Amino acid sequence: MRLSNYFLPLLKETPAEATIASHQYMLRAGMIKQNSAGIYSWLPLGLKVLRNIERIVREEQNKAGAVEMLMPTIQSADLWKETGRYDAYGPEMLRITDRGDREMLYGPTNEDMITDIFRSYVRSYKDLPKLLYHIQWKFRDERRPRFGVMRGREFLMKDTYSFDIDKDAARLSYNKMFVAYLNTFSRLGLKAIPVKADTGPIGGDLSHEFVILAETGESEVFCHKDLVEMDAPGDVNFSDDLSDHVEARTALYAAADEMHDADEFAKIPEDKQLTARGIEVGHIFYFGDKYSGPMKAKVMGPDGKEHVVMMGSYGVGVSRLVGGIIEASHDQDGIIWPKSVAPFGVGIINLKSGDAEADAACEDIYRQLTEAGCDPLYDDTSDRGGVKFSRMDLIGLPYQVTIGPRGLKNGVVEIKSRRTGEKQELSPAAAIVFLQTELGS
RNA sequence: CGGGGCGUAGCGCAGCCUGGUAGCGCAUCUGUUUUGGGAACAGAGGGUCGCAAGUUCGAAUCUUGCCGCCCCGACCA
């Protein structure tokens, strides 16, 4: 992409309404524009990141055996009355009436609808287990939206729903999502920790929040330090029993403030105790027959009897992750994108636009990097070098290639790593090989 | 939903207390000189001061109502 042809409205100054780094940088880098409290337009740069995250989340869901579908944003109130949630949900739910005065709502979640879909078709235990998911916009009329996309009213969420014949089988589904989440967050360049979460009236131990550590996190997290350094399982066979991977983690203490048990925490060796702020980016939950019961979602079992299916739901805050990743990865100059989600792989800085030699060299590298799949953003504007440098630092692409007359005289261009700040001079040909290798395409 | 704050040019702000017809920095446009980490000079454009009503000869400024936004708390992907 040529910058002159792109839509990248950058702000030089920090907007007054933004108080945390991710919100400030998303506004300054032209990623989002606020339209109302907690409601944002995604500008081109922001949308590219959102889509990259969405893609990784989708790939990991598919690997785990979940099947993608798409449910609507607008739902009929009828299903919600069936489960009793229409009254229970409260003012967080945006209620709408259509022209026929029928009660509708903008979905804050989809348990009721997926259960209705499931019961419409599935009759036998032989069709289980089932893991269905979609990635769809949700609306929750939060009391206090804040921090940009970290707590919006409209947000993009991946939500998976599992259906099993009994609780033991449901635990296997739960474990699949547990492992899939570890892999997902790892690919996003995040260290996510599974912490015990409140299971509400259902009880048991089958609910975990996945939190990433960041100073601006909304909740306090207490955990064993080893959890932070533990590698994600990576390639596993999702038809195997994954309990080992899950238990290796749940054996170590980890809880957010509301579930914190100071006595248990004190049993951890002192040098392994970690107290930090965390951002919740995922939540997995087993809730048994909470919806399948009242909605009569039943299948025939091998015993010839009807069984109410046991369900779980598994959410990832896709749009929140955009902010979360920035919170976890930025410096005083701007964002530092992990390669996996970066909006472009490399920025090309032409230090002297208008200089025939510099222009030609930039065009050449731009073309070759494009062909090499490095997705370059070429700053072909006539701005001064300093402006281009700070602009690239702000939007945080993993690499910058700086090309100017001085280097070209010696046959070299400069490559800078945004994360480490390391610079190296290479011939244009070597630079392309280097970037193609580093960006892994 | 309780408590606090803000709304003046695209962005960041001053002016308001003490009423007299709107200003600064950045950005934008034109020209000249510049160009390896946010250039300098000269000129130009851009605002019914959130909306409405009231007080007044006169309201950005005072009064009332409404709308919007932000922050702190209790709840949430």
Side-chain angles (χ1 to χ4, degrees), chain A residues 9-20 23-24 27-28 30 33-39 53 57 89-93 107-110 135-160 181 185 192 197-198 200 207-212 218-219 256-258 278-285 313-324 333-334 349-355 358 379 381-394 400 402-410 412-414 416 421 423 425:
Chain A
L10 302 184
L11 305 177
K12 197 165 182 176
E13 286 170 282
T14 302
E17 74 264 21
T19 55
I20 64 168
H23 191 193
Q24 293 173 345
L27 291 168
R28 286 194 54 207
K33 166 157 174 57
Q34 182 171 14
N35 300 112
S36 301
I39 300 178
I53 294 170
V57 169
Y89 216 92
E92 272 204 358
M93 184 154 72
T109 180
N110 286 70
I135 300 173
Q136 178 63 289
W137 292 92
K138 307 291 190 291
F139 193 93
R140 294 182 191 171
D141 200 352
E142 294 276 348
R143 293 168 188 84
R144 184 150 93 84
R146 60 189 136 153
F147 302 146
V149 299
M150 301 284 283
R151 178 171 299 286
R153 292 197 289 174
E154 187 181 59
F155 58 96
L156 187 62
M157 181 164 97
K158 185 285 300 173
D159 39 325
T160 307
Y181 277 27
F185 296 126
D198 193 1
S207 180
H208 287 87
E209 289 176 0
F210 288 76
V211 302
I212 55 177
E218 287 193 84
S219 55
D257 32 19
E258 72 273 10
I279 300 166
E280 184 185 348
V281 290
H283 196 163
I284 62 179
F285 204 93
S313 74
Y314 315 87
V316 170
V318 177
S319 50
R320 171 180 285 183
L321 274 165
V322 181
D333 295 322
I349 294 174
N350 185 347
L351 276 179
K352 197 159 186 177
S353 294
D355 177 89
D379 190 340
T381 66
S382 58
D383 290 320
R384 303 165 69 87
V387 175
K388 295 187 180 185
F389 287 127
S390 52
R391 179 153 58 206
M392 280 300 175
D393 286 345
L394 174 63
Q400 300 169 11
T402 302
I403 299 167
R406 191 183 296 173
L408 289 174
K409 211 167 286 173
N410 302 317
V412 295
V413 299
E414 183 187 272
K416 179 180 125 176
K423 295 173 181 173
E425 294 198 325

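Proteins come first, then strands; the chains are lettered A, B, ... in the order of their sequence lines, and each starts at number 1. Note that the structure is predicted; figures quoted are calculated from it, not measured.
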Problem - Distance between C1' atoms of B/A60 and B/A52 (Å, rounded) - result: 16 Å

Handout entry: Interatomic distance where CD belongs to A/Gln34 and C1' belongs to B/C69 [whole Å]
Key = 7 Å

Completion exercise
In whole angstroms, the gap separating C1' of B/G36 from CE of A/Met392 amounts to 15 Å

Completion exercise
Sorted by position of nearest nucleotide on RNA chain B, 5' first, the leading residue of A/Thr402 and A/Pro145 is A/Thr402

Exercise for the section: With P as the reference atom in both, quote the distance from B/U18 to B/A9 in angstrom, rounded to an integer. Expected result: 25 Å

Fill in the blank from the handout: The Watson-Crick or G-U wobble partner of B/C17, with both key distances under 3.5 Å, is none

Practice task
Write down the distance separating the P atoms in B/C70 and B/C13, rounded off to the nearest Å.
Solution key: 15 Å

Completion exercise
Tightest non-hydrogen contact, residues A/Val318 and A/Lys158, listed as CG2-N, 3.8 Å

Exercise for the section: Starting from the 5' end of RNA chain B, give me the residue, A/Lys352 or A/Leu10, whose nearest nucleotide shows up first. Expected result: A/Lys352

Handout entry: B/U61 to B/G4 separation - C1' atoms, rounded to the nearest Å
Key = 23 Å

Exercise for the section: For the pair A/Arg320 (side chain) and A/Arg151 (backbone), establish whether a donor and an acceptor sit closer than 3.5 Å, ignoring hydrogens and angles. Expected result: no

Problem - A/Arg140 CZ to A/Tyr89 OH distance, which is reported to the nearest 0.5 Å - result: 4.0 Å

Exercise for the section: Once you apply the 3.5 Å cut-off to both distances, tell me the Watson-Crick or G-U wobble partner of B/A42, or none. Expected result: B/U30

Exercise for the section: Look at all strands and tell whether A/Thr109 reaches a base, only sugar-phosphate, or nothing, counting heavy atoms closer than 4.0 Å. Expected result: nothing

Completion exercise
To the nearest angstrom, the CG-C1' distance between A/Asn35 and B/C69 comes to 13 Å

Fill in the blank from the handout: A/Asn350 CG to B/G37 P, in whole Å, measures 15 Å

Exercise for the section: For B/A40 versus B/U34, give the span between their C1' atoms, rounded off to a whole number of Å. Expected result: 8 Å

Exercise for the section: Considering non-hydrogen atoms only, spot the tightest contact between A/Phe139 and A/Ile39 and give its length. Expected result: CE1-CD1, 3.8 Å

Exercise for the section: Counting heavy atoms from C-beta on, name the nucleotide in B/G37, B/G36, B/G12 closest to the side chain of A/Ser390. Expected result: B/G37

Practice task
Describe the nucleic acid contact of A/Lys416 in one word from base, sugar-phosphate, nothing, applying a heavy-atom distance below 4.0 Å.
Solution key: base

Exercise for the section: Establish, with yes or no, whether the OP1 or OP2 oxygen of B/C11 is under 4.0 angstrom from a side-chain nitrogen or oxygen of A/Lys12. Expected result: no

Handout entry: Any N/O donor-acceptor pair, A/Glu13 side-chain to B/G25 base, under 3.5 Å
Key = yes

Exercise for the section: May I ask you to say what A/Pro9 touches in the nucleic acid, namely base, sugar-phosphate or nothing, with a heavy-atom cut-off under 4.0 Å? Expected result: nothing

Completion exercise
If pairing means Watson-Crick or G-U wobble with both distances under 3.5 Å, then the partner of B/C62 is B/G54

Completion exercise
With sugar-phosphate taken as primed atoms, P, OP1 and OP2 and all else as base, the protein-contact string of nucleotides 72-77 of chain B at under 4.0 Å (heavy atoms; B, S, -) is BBBBBB

Practice task
Consider only side-chain N and O atoms of A/Ser382 and A/Lys352, and report whether a donor and an acceptor are under 3.5 Å apart.
Solution key: no

Problem - Identity of whatever pairs with B/C6 - Watson-Crick or G-U, under 3.5 angstrom - result: B/G68

Practice task
Could you check whether A/Lys33 gets within reach of a base, just the sugar-phosphate, or nothing at all, counting any heavy atom under 4.0 Å?
Solution key: nothing

Problem - P spacing across the pair B/C6 / B/C17, given as an integer number of angstrom - result: 15 Å

Problem - Any donor-acceptor N or O pair under 3.5 Å, side chains A/Gln400, A/Asp393 - result: yes

Exercise for the section: Give one of base, sugar-phosphate or nothing for A/Leu351, where a contact means two heavy atoms less than 4.0 Å apart. Expected result: base

Handout entry: Closest non-hydrogen atom pair, A/Gly324 against A/Met150
Key = N-SD, 3.5 Å

Exercise for the section: Compare every heavy atom of A/Gly323 with every heavy atom of A/Val149, then report the nearest pair and how far apart it is. Expected result: CG2-N, 3.9 Å

Exercise for the section: State the pairing partner of B/G73; accept Watson-Crick or G-U wobble contacts with both distances under 3.5 Å, and report none otherwise. Expected result: B/C1

Exercise for the section: Calculate the interatomic distance between A/Leu27 atom CG and B/A27 atom P; express it in whole Å. Expected result: 20 Å

Practice task
Please state how far atom CZ in A/Arg384 lies from atom C1' in B/A39, giving the value in whole angstrom units.
Solution key: 4 Å

Completion exercise
Any strand, both distances under 3.5 Å, Watson-Crick or G-U wobble: B/G12 pairs with B/C24

Handout entry: Atom pair distance, as rounded to whole Å: CG in A/Asp383 and P in B/G36
Key = 13 Å

Problem - Atom P, compared across B/C62 and B/A39: separation rounded to whole Å - result: 40 Å

Exercise for the section: Provide, to the nearest angstrom, the distance between the CD1 atom belonging to A/Ile349 and the C1' atom belonging to B/G36. Expected result: 11 Å

Exercise for the section: For A/Ser313, enumerate each residue passing the side chain to side chain contact (heavy atoms under 4.5 Å, CB included) test, keeping only those at least two apart in sequence or located in another chain. Expected result: A/Glu111, A/Tyr161, A/Phe285, A/Phe287

Problem - Distance, P atom - from B/U33 to B/C49, rounded to whole angstrom - result: 42 Å

Problem - Which residues share a salt bridge (Lys or Arg N to Asp or Glu O under 4.0 Å) with A/Arg391, sequence neighbours left out - result: A/Asp379, A/Asp383

